[in-house]
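This report concerns only the one structure given below.
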Amino acid sequence: MHAPASPGWLLVALCAATGAYCLLRMRSPDQEQRRSAGGEALMGFGMAAMAVPAAVFTPPAWAWPVYAAVFGVAALRALWAARTGPQHHLHHLVGTSAMIYMSLAMAAAPQGHHHAHGGSGVPLLTGALLLYFAGYVLLSGARLVPAVAGPQGTGIRTGTGAGTGHGSGATGGPGWGDRPELARVCRLSMGMAMVAMLLTM
């Protein structure tokens, strides 16, 4: 699970920065935006903690079941929100399920092999998750390009999910916490980090 030192610290920085921005999004006046941002902040900081190089910190054996329990609650919350909420709740459900899977794989790994490359988890399930997140990263990146490079205002209007047309978006454009394209960048960043973490299993 833990990558070598240099790539590991890059993953820590990427996931922690993503989690921090999601905390800013929780200040949005839109309830759906706040709900999504809270779950994504938990994902970002949880992935950052998992990516800390083993040479710096090795979690105790009891930490992995705790991880699984925390993300199990997050998965149930995402499943409940996916009934009537935006489509990205389903993606969040897959992400939290992947975190549960990785936590359980690390808990079941023999002592001393928690930070080795390969040999953890079920290869078929790991491969399926890799295919999903790799496809998500490619598709999200392709959808993000027009939003950034298009005419002024296009990025905001093409965004899905909460944050558009609320609060300051009706007058001078949404604030930093309500930019739909930045929310998609956060999900894209976490998708790339998930691919990197699954590759170490």
Taking all non-hydrogen atoms of both residues, which atom of [X] and which atom of [Y] are closest, and how far apart?
X	Y	result
G191	V137	C-CG2, 3.5 Å
E40	C22	CB-SG, 3.6 Å
G19	A41	O-CB, 3.8 Å
A68	L104	CB-CD2, 3.8 Å
A37	M26	CB-CG, 3.7 Å
L130	V195	CD2-O, 3.6 Å

For residues [X] and [Y], determine if any side-chain heavy atom of one lies less than 4.5 Å from a side-chain heavy atom of the other.
X	Y	answer
M43	M47	yes
R184	L188	no
H89	R83	no
P59	M50	no
L93	S97	yes
R35	R77	yes
L42	V70	yes

Check against ring pair (Phe, Tyr, Trp, His ring centres under 6.0 Å), H88 and Y136: CA-CA 11 Å; H88 66 77; Y136 178 83; over 10 Å; no
Shared hydrophobic cluster, [X] / [Y] (ILVMFWY, side-chain heavy atoms < 4.5 Å):
X	Y	value
I100	L125	yes
L139	M190	no
W64	L11	yes
V94	V122	yes
L199	M106	yes

Once rounded to the nearest 0.5 Å, what's the spacing between atom [atom1] of [X] and atom [atom2] of [Y]?
X	Y	atom1	atom2	answer
R187	H92	CZ	NE2	10.0 Å
M197	T126	CE	OG1	12.5 Å
L182	T18	CG	OG1	11.0 Å
L124	L129	CG	CG	10.0 Å
L198	F133	CG	CZ	6.5 Å

CA sep, side-chain torsions, deciding dist, call: M201, Y101, side-chain contact (heavy atoms from CB on, under 4.5 Å): CA-CA 11 Å; M201 295 189 66; Y101 165 64; 3.9 Å; yes
Using modelled atom types and a 3.5 Å cut-off, is there a donor and acceptor pairing between side-chain atoms of [X] and backbone atoms of [Y]?
X	Y	answer
R143	S140	no
Y67	M102	no
S36	Q33	no

Derivation and outcome, side-chain contact (heavy atoms from CB on, under 4.5 Å), residues V56 and W9: CA-CA 10 Å; V56 176; W9 284 122; 3.5 Å; yes
